[in-house]
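Below is one structure, written out as structure tokens; the observations come after it.
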Amino acid sequence: MEYEFLNIEEKSDGVVLLTLTREKSLNAINSQMLNELHRFFSHVDDDIRCIIVTGAGKSFVAGADIGEMANFTASEAYDFAKLGMDTFMEIEKCRVPVIAAVNGFALGGGCEISVACDIRIASTKAKFGQPEVGLGITPGFGGTQRLSRTIGPGYAKELIYTTEMIDANKALEIGLVNHVYEPDELIDKAIEMAKKIVSKAPKAVEYAKQSIINGSQTDIDTAMQIEKTHFGLCFATNDQKEGMRAFLDKNKPKFVGE
């Protein structure tokens with residue numbers, strides 16, 4: 001499948017590096033990039049086990065393309081937001097874990113796409129922010145919702161209301177990212193994490209992701225039902241039998257995703 005603004009590279013067995021490539025625009029998100037992301041994440045190949053998302057050059061994603069948005073009508077803005085939200089929902093609900101390797105500016109839509117990923121790691125040069133209200137708009141790709149669920153409403157409101165840009169260390173402090181690395185280590189560290197993930201039972205990882213995402217959207221009793229359902233489903237897989245047999249035999253399991 002051909003893309004203009006995405007570069008897809010297999011780094012190791014089951015690990016794919018997806019690089020956003022509107023480098024001259026600091027990888028600002030336009031409609032075409034959103035459509036390409038939607039197409040990729042809605043048809044993830046069966047042999048893919050973990051996806052790393054990063055940006056080409058010095059930026060992760062500097063935001064949505066203001067040049068495209070500037071003259072939108074209210075109706076056109078709504079449609080653009082819907083496209084962004086639908087696309088980022090495909091990322092959030094992707095059957096495999098998605099790691100954001102944030103190498104530079106993650107502003108507006110860039111911060112929003114990172115929060116749609118399962119895990120965020122950052123370069124020491126990363127900068128995060130939601131500058132929208134300074135442009136007379138609100139976040140439109142899920143920022144008012146996912147950000148508060150990730151770092152809590154207090155920090156989310158502060159970032160959105162003040163448009164303050166924070167560095168990687170502050171992002172680590174408030175729980176926006178899991179780890180901070182030097183720029184030349186970032187992708188290697190992302191691949192290292194991805195390899196750890198793909199070494200585990202694929203269905204178990206998939207079910208765990210579904211439990212976390214679906215459970216976080218409901219009350220605790222319903223969430224517990226979701227978890228025990230997925231727990232039970234694991235026992236219908238060959239990987240559960242292989243994993244427990246290997247543990248009892250003191251061997252390394254050989255998972256096949258079935």
Quick check: is [Y] connected to [X] through a chain of hydrophobic side chains (ILVMFWY, heavy atoms under 4.5 Å apart)?
{"X": "M89", "Y": "L6", "answer": "no"}
{"X": "I113", "Y": "I213", "answer": "no"}
{"X": "L159", "Y": "L135", "answer": "yes"}
{"X": "F5", "Y": "Y3", "answer": "yes"}
{"X": "I166", "Y": "L107", "answer": "no"}

Next on the checklist: If we check side chain to side chain contact (heavy atoms under 4.5 Å, CB included) with I29, which of these qualifies: V61, L83, T87, L20?
Outcome noted: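 Among the candidates, only V61 passes.
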In this structure, are over 12 heavy atoms from other groups packed under 6.0 Å from [X] atom [atom1]?
{"X": "N71", "atom1": "CG", "answer": "no"}
{"X": "D13", "atom1": "CG", "answer": "no"}
{"X": "F72", "atom1": "CZ", "answer": "yes"}
{"X": "D47", "atom1": "CG", "answer": "yes"}

Minimum side-chain heavy-atom gap [X]-[Y] below 4.5 Å:
{"X": "T73", "Y": "E76", "value": "yes"}
{"X": "T124", "Y": "P183", "value": "yes"}
{"X": "D79", "Y": "S75", "value": "yes"}

Item to check | is_close_aromatic(F60, F128), centroid dist under 6.0 Å | outcome: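 Ring centres of F128 and F60 not closer than 6.0 Å.
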Does the distance from a Lys or Arg side-chain N to an Asp or Glu carboxylate O, for [X] and [Y], drop under 4.0 Å?
{"X": "R22", "Y": "E4", "result": "no"}
{"X": "K195", "Y": "E192", "result": "no"}
{"X": "K170", "Y": "E173", "result": "yes"}

For the pair [X] (side chain) and [Y] (backbone), establish whether a donor and an acceptor sit closer than 3.5 Å, ignoring hydrogens and angles.
{"X": "T237", "Y": "Q240", "value": "yes"}
{"X": "N103", "Y": "K58", "value": "no"}
{"X": "R120", "Y": "N178", "value": "no"}
{"X": "N27", "Y": "S59", "value": "yes"}

Checklist entry - Taking atom types as modelled and ignoring hydrogens, do the side chains of E9 and T19 form a donor-acceptor contact shorter than 3.5 angstrom? => result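 Checked: E9/T19 side chains show no N/O donor-acceptor pair below 3.5 Å.
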Checklist entry - For the residue pair Y207 and H230, does the interplanar ring angle fall in the parallel (under 30°), tilted (30 to 60°) or perpendicular (over 60°) class? => result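 The arrangement is parallel - the two ring planes meet at less than 30°.
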Checklist entry - Checking salt bridge (Lys or Arg N to Asp or Glu O under 4.0 Å) for the pair E92/R146: CA distance, chi angles, key distance, verdict? => result CA-CA 10 Å; E92 178 178 310; R146 286 195 184 91; 2.4 Å; yes
Next on the checklist: If I compare all heavy atoms of K209 with all of R95, which pair ends up nearest, and what's the gap?
Outcome noted: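 Nearest pair, atom of K209 first, then R95: CD-O, 4.4 Å.
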Next on the checklist: One pair to check against ring-ring contact (aromatic ring centres under 6.0 Å, His included): F41 and F88. What are the steps and the verdict?
Outcome noted: CA-CA 9 Å; F41 278 99; F88 291 5; 9.4 Å; no
